[in-house]
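Predicted model only: the values in this text are computed from it and were never measured. Counting starts at 1 for both ligands and their atoms, following the listed order.
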Amino acid sequence: MKSVDISNDITKILITRTQIDHRLDQLAAQISHDYAGDDHLLLISVLKGAVNTLVWLTQKMSIQAPIDFMSLSTYGSGTQSTGSITVRSDLTTDVSGRDVLIVEDIVDTGYTLTWLTDMLKKRGARSVKIMALVSKPARRTHPVDISYLGFEIPNDFIVGCGMDYDEKYRNLDCVAVLSPSVYSKKK
Ligand code: PRP
């Protein structure tokens with residue numbers, strides 16, 4: 001297979017994997033403390049971008065909790081949230097009476113998390129909290145209470161650690177700023 005050099009596609013590395021690991025150590029310890037003894041805890045991860053964050057976080061947690069997945073889409077293939085949510089696949093777990101911790105890669109406008117939090121409460125979740133690897137407060141149109149946040153970041157288009165542009169760059173082992181030359185090429 002032809003190897004691909006992506007260094008030209010990246011403007012700069014915003015957060016290194018070492019920084020991510022260190023921050024996730026802290027958040028995993030806090031979450032393990034806060035939910036210790038809670039048999040109702042359920043981790044819900046929003047596909048696809050949050051997979052890396054879920055794996056890394058749960059490996060660092062000292063408590064056990066079931067996980068479930070929901071597949072949503074807000075971005076399509078562009079660089080801006082469209083504001084409309086598509087449910088690609090639903091949960092398999094009954095959330096009624098559960099203490100749900102949503103694990104996300106990024107909170108951008110906040111639309112997805114606002115929608116998901118409301119939906120989980122309507123389904124009878126006992127509590128709903130949010131963990132996110134990164135947050136872009138400058139983009140927020142829907143206020144979101146993030147209980148466990150990795151990093152606040154500026155309003156750059158970022159990729160890596162599960163986050164993509166047009167399904168590419170999810171496998172980057174850091175959070176990096178995508179060069180505008182990449183997405184301005186797309187018609
Ligand atoms: C990203 C991210 C969140 C959402 C946040 O998902 O994983 O779910 O966007 O954006 P918002 O705060 O503006 O609602 P995306 O739609 O890119 O899908 P993906 O995870 O499959 O890449």
Which ligand 1 atoms, with their elements, are less than 4.0 angstrom from a heavy-atom of [X]?
{"X": "L47", "result": "20 (O), 21 (O)"}
{"X": "T112", "result": "4 (C), 5 (C), 8 (O), 10 (O), 11 (P), 14 (O)"}
{"X": "T109", "result": "11 (P), 12 (O), 13 (O), 14 (O)"}
{"X": "D105", "result": "2 (C), 7 (O)"}
{"X": "E104", "result": "2 (C), 3 (C), 7 (O), 8 (O)"}

Would you say [X] contacts ligand 1, with heavy atoms under 4.0 Å as the rule?
{"X": "R170", "result": "yes"}
{"X": "R88", "result": "yes"}
{"X": "A50", "result": "no"}

Ring geometry between Y35 and Y148 (parallel below 30°, tilted from 30 to 60°, perpendicular above 60°):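 Aromatic pair Y148/Y35 classed tilted.
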V107 N/O to ligand 1 N/O under 3.5 Å: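 Among all N and O atoms of V107, none is under 3.5 Å from an N or O of ligand 1.
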Residue pair [X] / [Y], side-chain heavy-atom distance below 4.5 Å:
{"X": "V159", "Y": "I10", "result": "yes"}
{"X": "V46", "Y": "I102", "result": "yes"}
{"X": "L178", "Y": "Y183", "result": "yes"}

Residue pair E167, K48: steps toward the salt bridge (Lys or Arg N to Asp or Glu O under 4.0 Å) verdict: CA-CA 10 Å; E167 293 300 328; K48 307 173 197 170; 3.2 Å; yes
Heavy-atom proximity to atom 5 (C) of ligand 1, best of V51, I85, I106, T141: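 Comparing heavy atoms across V51, I85, I106, T141, the nearest one to atom 5 (C) of ligand 1 lies in I106.
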side-chain contact (heavy atoms from CB on, under 4.5 Å) between R170 and C161, intermediate numbers included: CA-CA 6 Å; R170 290 192 198 274; C161 297; over 6 Å; no
R17/D21 under salt bridge (Lys or Arg N to Asp or Glu O under 4.0 Å): CA gap, chis, key distance, verdict: CA-CA 6 Å; R17 178 62 193 277; D21 267 335; 3.6 Å; yes
Pair D39 + R98: basic N to acidic O under 4.0 Å: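 Looking at R98 together with D39, the answer is no, because their closest N to O distance does not fall below 4.0 Å.
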Part of H142 within contact of ligand 1 (heavy atoms, under 4.0 Å):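 Neither; no heavy atom under 4.0 Å.
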